[in-house]
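Only one structure is covered here, and it is reproduced in the block below.
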Amino acid sequence: MIQNDKLIIGGHEFDSRFILGSGKYNLELIKAAVEHANAQIITLALRRANTGEENILDYIPKGVTLLPNTSGARNADEAVRIARLAREVGCGDFVKIEIMRDAKYLFPDNQACLLYTSPSPR
């Protein structure tokens, strides 16, 4: 076992490298998974944050770092727009870039994802 092997991203330290995905689960299961797995980071599709009836943010314990993703983006411009929207609604400065070139099989557009590697101006 490696002692003090912290994951450091953007100056933030995490004790675990485990990142929990929140897609396709009901909200109570997400809450239980975060608590029982001691997850410190959870991915979050912004479009899922508030469905009108329930808000996924109400099920994520305080102190867990949100990693919003740009799920549904078809190009880099859409991904940047979703990332900025996530920051504005309080999801922080981290973002998981997802650009899908193929809506049927959900194949990522690797080139578009790689081209968006530098931070955007504020």
Side-chain angles (χ1 to χ4, degrees):
M1 179 189 227
I2 299 172
Q3 297 293 331
N4 298 323
D5 184 28
K6 301 236 184 236
L7 173 63
I8 301 172
I9 303 173
H12 297 267
E13 290 188 9
F14 301 96
D15 295 321
S16 173
R17 295 172 185 274
F18 174 63
I19 299 174
L20 180 68
S22 67
K24 300 181 183 176
Y25 301 105
N26 73 46
L27 298 177
E28 288 295 334
L29 185 56
I30 290 170
K31 181 179 180 183
V34 169
E35 292 171 349
H36 293 291
N38 294 322
Q40 294 176 297
I41 304 172
I42 185 168
T43 63
L44 171 70
L46 188 61
R47 65 176 182 232
R48 241 192 121 182
N50 191 347
T51 62
E53 295 176 21
E54 295 181 306
N55 186 335
I56 192 172
L57 298 176
D58 294 335
Y59 291 81
I60 299 173
K62 300 292 182 223
V64 173
T65 297
L66 301 176
L67 180 61
N69 65 53
T70 61
S71 175
R74 295 175 303 227
N75 56 52
D77 288 336
E78 286 183 9
V80 170
R81 188 175 314 116
I82 293 168
R84 287 180 175 157
L85 191 61
R87 184 176 57 207
E88 290 302 316
V89 298
C91 290
D93 290 330
F94 292 135
V95 66
K96 175 184 170 194
I97 300 294
E98 293 182 15
I99 300 171
M100 299 298 165
R101 67 175 168 92
D102 181 330
K104 182 175 181 181
Y105 297 106
L106 300 177
F107 290 135
D109 186 335
N110 295 325
Q111 184 176 3
C113 289
L114 288 174
L115 290 176
Y116 182 73
T117 57
S118 61
S120 62
R122 291 187 183 235

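Residue indices begin at 1 and follow the sequence shown.
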Which class fits the ring pair F14 and F94: parallel under 30°, tilted 30 to 60°, perpendicular over 60°? tilted

Would you indicate whether the side-chain heavy atoms of T70 and K96 approach each other to under 4.5 Å? no

Taking every heavy atom of S16 against every heavy atom of L7, the minimum-distance pair comes out as O-CD2, 3.9 Å

Hydrophobic cluster membership, L67 vs L20, 4.5 Å side-chain cutoff: no

Nearest 0.5 Å please: distance from the CD1 atom of I30 over to the CD atom of E35. 12.0 Å

Shortest non-hydrogen contact from R17 toward K6: NH2-O, 3.6 Å

Test of understanding: clusters of I, L, V, M, F, W, Y form through side-chain heavy atoms closer than 4.5 Å, transitively. Do L66 and I56 belong to the same one? yes

Would V89 end up clustered with I41 when hydrophobic side chains under 4.5 Å apart are linked, directly or stepwise? no

With a 4.5 Å limit on heavy-atom distance, are the side chains of C91 and L44 in contact? yes

Side chains of R87 and V95: does their closest heavy-atom pair fall under 4.5 Å? no

Separation between CZ (R81) and CG (N75), nearest 0.5 Å, reads 7.5 Å

Check whether S22 reaches the backbone of T43 with its side chain - one donor and one acceptor, N or O, closer than 3.5 Å. yes

Once you round to the nearest 0.5 Å, how far does CD1 of I99 lie from CZ of R74? 12.0 Å

Return the OG1 to CG distance between T65 and D93, rounded to the nearest 0.5 Å. 11.5 Å

Please check if V64 and F18 belong to a single hydrophobic cluster, counting links between Ile, Leu, Val, Met, Phe, Trp and Tyr side chain heavy atoms closer than 4.5 Å. yes

For A79 and A73, which heavy atoms make the closest approach, and how far apart are they? N-CB, 3.6 Å

